[in-house]
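Presented below is the structure to which this report refers.
Computation of the quantities below employed the complete heavy-atom set of this structure, encompassing side-chain atoms and omitting hydrogens, waters and symmetry-equivalent molecules. Being a predicted model, the structure only gives us computed values, none of them experimental.
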Amino acid sequence: VIGMDITDQTMAMSLANRPRRYVFHYGKMVGTKNGTGTGTLIDISCSQFSVVENMHMENAKKGIRMRFCMFGEVRNISSNDISEILVEPTRGDWPGSGNNLCSSNQFTVSNVRAFVKDGMTAIVYSKACSGHKYQLVTGEGGYAQYGIYWDYNGANEVKNGPEINLCHWEGTVESQFS
């Protein structure tokens, strides 16, 4: 619904080195068709210190995706009928990007409550990033494949995994690392 289209790594570096900060707060974003029609509700790329807070996400494949957003924060989020991923602080996936070129490093996800849609991929999903902190992430209702999925994706510059504190999810999901 709200997003950025990054064409290549040259554009990404130009944006990231001229820091922008995006703040979304105090609202509700609702897609269509019970989580199968709308792609991503908020999609931010190439920023520093961006924040999404005090929001409700509903009826989409993905809630919040932040690619190449260093020092970002997602906090006080609730959701219903997100079919794939609720919060995705991750690396860029545009042409020319790579594991060590465009990661969302030093990122915090806190106070997130997902009313899980059965079969959802993950409440939080990250690839090729370091310095993440996940705290008070809760999944209730249905059964997600993963509560937290953190994948270093073979990145030789990812030096530390996530710190996970006081997270809770119902069902058989677990934190997963690769």
Side-chain angles (χ1 to χ4, degrees), residues 1-32 35 37-114 120-138 148-151 153 155 157-158 162-163:
V1 175
I2 296 174
M4 302 173 73
D5 186 21
I6 305 301
T7 57
D8 59 25
Q9 186 63 15
T10 301
M11 179 184 181
M13 291 304 294
S14 177
L15 290 170
N17 289 324
R18 291 176 180 81
R20 289 154 173 79
R21 180 175 193 240
Y22 302 97
V23 178
F24 294 87
H25 59 107
Y26 300 107
K28 178 177 181 178
M29 298 193 71
V30 180
T32 61
T38 301
T40 304
L41 294 172
I42 295 178
D43 189 356
I44 302 171
S45 299
C46 310
S47 71
Q48 295 181 32
F49 303 101
S50 289
V51 176
V52 179
E53 65 180 348
N54 303 315
M55 301 270 305
H56 177 76
M57 305 285 140
E58 191 170 320
N59 291 345
K61 292 177 183 172
K62 295 183 180 185
I64 303 161
R65 181 170 68 168
M66 296 176 75
R67 299 173 295 163
F68 199 14
C69 294
M70 296 154 293
F71 301 98
E73 289 185 64
V74 173
R75 60 182 179 242
N76 304 330
I77 302 298
S78 62
S79 74
N80 194 16
D81 285 325
I82 300 297
S83 62
E84 293 178 11
I85 299 165
L86 176 55
V87 180
E88 185 179 11
T90 194
R91 60 160 274 200
D93 57 358
W94 40 78
S97 66
N99 284 344
N100 304 328
L101 301 174
C102 57
S103 298
S104 291
N105 296 328
Q106 307 310 101
F107 203 101
T108 302
V109 177
S110 62
N111 299 328
V112 171
R113 186 216 182 238
M120 172 185 199
T121 305
I123 299 166
V124 179
Y125 180 99
S126 183
K127 186 184 286 186
C129 298
S130 70
H132 282 203
K133 183 174 187 172
Y134 308 133
Q135 59 188 14
L136 302 171
V137 175
T138 299
I148 296 170
Y149 188 96
W150 185 86
D151 184 352
N153 203 43
E157 295 297 321
V158 175
E163 176 185 318

[X] side chain to [Y] main-chain N or O, any donor-acceptor pair under 3.5 Å?
X: Ser47; Y: Arg21; answer: no
X: Ser50; Y: Tyr22; answer: yes
X: Ser97; Y: Gly92; answer: yes
X: Asn59; Y: Thr32; answer: no
X: Asn153; Y: Asn99; answer: no

Using every non-hydrogen atom in the two residues, find where [X] and [Y] come nearest and quote the distance to one decimal.
X: Leu41; Y: Ala60; result: CG-CB, 3.6 Å
X: Ser130; Y: Asn105; result: N-OD1, 2.9 Å
X: Leu86; Y: Ala114; result: CD2-CB, 3.8 Å
X: Gly31; Y: Thr38; result: CA-OG1, 3.2 Å
X: Cys129; Y: Trp150; result: O-CZ2, 3.0 Å
X: Val137; Y: Val124; result: CG1-CG2, 4.2 Å

- Message: With side-chain contact (heavy atoms from CB on, under 4.5 Å) as the test, pick out the partner of Ile42 among Arg65, Met55, Met66.
- Response: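 Among Arg65, Met55, Met66, the one that satisfies the side-chain contact (heavy atoms from CB on, under 4.5 Å) with Ile42 is Met55.
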With a 4.5 Å cut-off on side-chain heavy atoms, are [Y] and [X] touching?
X: Asp43; Y: Lys62; value: no
X: Asn80; Y: His56; value: yes
X: Val109; Y: Pro89; value: yes
X: His25; Y: Val51; value: no

[atom1]/[X] to [atom2]/[Y] distance, rounded to the nearest 0.5 angstrom?
X: Lys127; Y: Arg91; atom1: NZ; atom2: CZ; result: 7.0 Å
X: Ser79; Y: Arg113; atom1: OG; atom2: CZ; result: 8.0 Å
X: Lys133; Y: Gln106; atom1: NZ; atom2: CD; result: 11.5 Å
X: Asn111; Y: Leu136; atom1: CG; atom2: CG; result: 5.0 Å
X: Ser45; Y: Arg20; atom1: OG; atom2: CZ; result: 12.0 Å
X: Met120; Y: Asp81; atom1: CE; atom2: CG; result: 10.0 Å

- Taking atom types as modelled, find out whether Thr108 and Arg75 have a side-chain donor-acceptor pair closer than 3.5 angstrom.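 Note: Thr108 and Arg75 side chains miss the donor-acceptor criterion.
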- Kindly assign one of parallel, tilted or perpendicular to the pair Tyr125 and Tyr149, based on the angle between their ring planes and the thresholds 30° and 60°.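 It falls in the parallel class, under 30°.
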- Query: Angle class for the Trp94/Phe68 ring planes (parallel below 30°, perpendicular above 60°, tilted otherwise)?
  - Reply: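 Judged by the thresholds at 30° and 60°, the geometry between Trp94 and Phe68 is tilted.
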- Message: Evaluate Lys61 against Thr40 for side-chain contact (heavy atoms from CB on, under 4.5 Å), listing each step before the verdict.
- Response: CA-CA 6 Å; Lys61 292 177 183 172; Thr40 304; over 6 Å; no
- Message: One pair to check against side-chain contact (heavy atoms from CB on, under 4.5 Å): Phe24 and Ile64. What are the steps and the verdict?
- Response: CA-CA 11 Å; Phe24 294 87; Ile64 303 161; over 6 Å; no
- Item | Worked verdict on Glu53 versus Glu73 for side-chain contact (heavy atoms from CB on, under 4.5 Å) | CA-CA 8 Å; Glu53 65 180 348; Glu73 289 185 64; over 6 Å; no
- Message: side-chain contact (heavy atoms from CB on, under 4.5 Å), that's the test. Do Phe107 and Ser126 meet it? Break it down for me.
- Response: CA-CA 10 Å; Phe107 203 101; Ser126 183; over 6 Å; no
